[in-house]
Amino acid sequence: MRLPRSFYLRDDVVVIARELLGKYIVTTFDDRLTSAIITETEAYAGVFDRASHAFGGKCTPRTEVMFRQGGIAYIYLCYGMHSLFNIVTNKEGIPHAVLIRAIEPVDGIDVMEKRLGRNSSVKNFTNGPGKLAKALGIHYRQSGTDLCSDSADRKESNTWIEERESIPINGQIRVTTRIGVQYAAEDALLPYRFLLDLIR
DNA sequence: CGGCCGATCCACT
DNA sequence: GTGGATCGGCCGA
């Protein structure tokens, strides 16, 4: 079941970040379907969050995507070489987003191996936001892609989030501060990072 | 228009 | 544990 727009339009981006754990991210680039369980997320809470690209209402050609209606992808280039995949949430005008930081591959693992140039048996195969985007065939050119359109629309999206059967979980969801946001002063201390331990 | 640097990753030590 | 890769976005002039 592909998640509907209403899932993303809700007000609390922190709740949405937590709820995205255990959901499946699916892409269909290169005529190959790849899917994976989301196991790590971070919430970025818009204009009042010093760690957000939209802090203070900063709206540029890059960050403008975050100000649109929830349920689309905000993807940007980091360190000149990594595409980082975020999901925009909340209503138009409120630039909330959730960064996906780790996934557990499910479908199309051979394609992911080809894209990453390594075997999936290695530890940390798709942890880290840059690697997982590459594994899924995601590129920052695709920023703004809708995650909710389906075959009833003119153009079906090639990236979406869906819910499947319940996942075996190891213990509780872990909550920590976000990675790499020390510049964000007191907001760097917010408990906005969520991690899921899968039983494997 | 120049220059700095980032929500990273990997190889190498 | 560290540094190199590699480049668009953003700011200040």
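Per chain, numbering begins at 1; letters A, B, ... match sequence-line order.
Proximity of a side-chain donor or acceptor of Glu113(A) to a complementary backbone N or O of Ser120(A) within less than 3.5 Å is detected. Between the side chain of Lys23(A) and the backbone N or O of Glu19(A) there is at least one donor-acceptor pair closer than 3.5 Å. Without hydrogens or angle criteria, Arg178(A) side chain to Ala43(A) main chain gives a donor-acceptor distance under 3.5 Å.
Atom CZ of Arg101(A) and atom C1' of dG6(B) are 13 Å apart (whole Å). Between Arg141(A) atom CZ and dC7(C) atom C1' the separation is 14 Å, expressed in whole Å. Regarding Tyr44(A), its OH atom lies at a distance of 13 Å from the P atom of dG6(B), rounded to whole Å. In this structure, CZ of Phe125(A) is placed 15 Å from C1' of dC10(B), rounded to the nearest angstrom. One interatomic measurement links the two molecules: NE2 of His82(A) to P of dT8(B), which rounds to 8 Å at whole-angstrom precision. Across the protein-nucleic acid pair, Met66(A) atom CE and dG9(C) atom P stand 13 Å apart, rounded to whole Å. Distance CG (Leu116(A)) to C1' (dC10(B)): 12 Å, rounded to an integer number of Å. Taking atom CG on Leu132(A) and atom P on dA7(B), their separation rounds to 16 Å, with Å as the unit.
With DNA chain B read from its 5' end, the first of the two nearest nucleotides for Tyr183(A) and Asn124(A) is the one closest to Tyr183(A).
Comparing the same atom, P, in dA7(B) and in dG1(C) gives a spacing of 23 Å after rounding to whole Å.
If you check every strand for non-hydrogen atoms under 4.0 Å, Leu99(A) touches a base. Among the protein residues, Gly80(A) comes within range of the nucleic acid bases, having at least one heavy atom under 4.0 Å from a base atom. Using a 4.0 Å heavy-atom distance criterion, Ala184(A) is classed as making no nucleic acid contact.
In this structure, of dA7(B), dC11(C), dT6(C), it is dA7(B) that holds the atom nearest to the side chain of Leu84(A). Side-chain proximity of Met81(A) to dA5(C), dC10(C), dT8(B): nearest is dA5(C). Residue Pro61(A) has its side chain nearest to dC10(C) when only dC10(C), dT8(B), dA7(B) are considered. In this structure, the nucleotide among dA7(B), dC9(B), dG9(C) sitting nearest to the side chain of His53(A) is dA7(B). Each of dA11(B), dC10(C), dT8(B) was ranked by its minimum atom distance to the side chain of Arg118(A); first place goes to dA11(B).
Looking at Arg2(A) and Asp146(A), no side-chain N of the basic residue comes within less than 4.0 Å of a carboxylate O on the acidic one, giving no salt bridge.
At dC10(B), one or more side-chain N or O atoms of Lys131(A) fall inside 4.0 Å of OP1 or OP2 (strictly under the cut-off). In this model, the phosphate group of dC7(C) is not approached by any side-chain N or O of Tyr140(A) to a distance below 4.0 Å at OP1 or OP2. Between Arg62(A) and dC10(C) there is a side-chain polar atom (N or O) within less than 4.0 angstrom of OP1 or OP2. Residue Thr60(A) places none of its side-chain N or O atoms closer than 4.0 Å to OP1 or OP2 of dG9(C).
Between Leu136(A) and Phe29(A), the closest heavy-atom pair is O-CD1, 3.4 Å.
Under the Watson-Crick and G-U wobble criteria, each requiring two contacts below 3.5 Å, nucleotide dA11(B) is paired to dT2(C). Across all strands shown, dC11(C) pairs with dG2(B); the Watson-Crick or G-U wobble distances both stay below 3.5 Å.
Outside the 6.0 Å centre-distance limit, the rings of His96(A) and Tyr44(A) are not counted as a close aromatic pair.
Under 3.5 Å, the side chain of Tyr79(A) and the base of dA5(C) form no donor-acceptor pair of N or O atoms.
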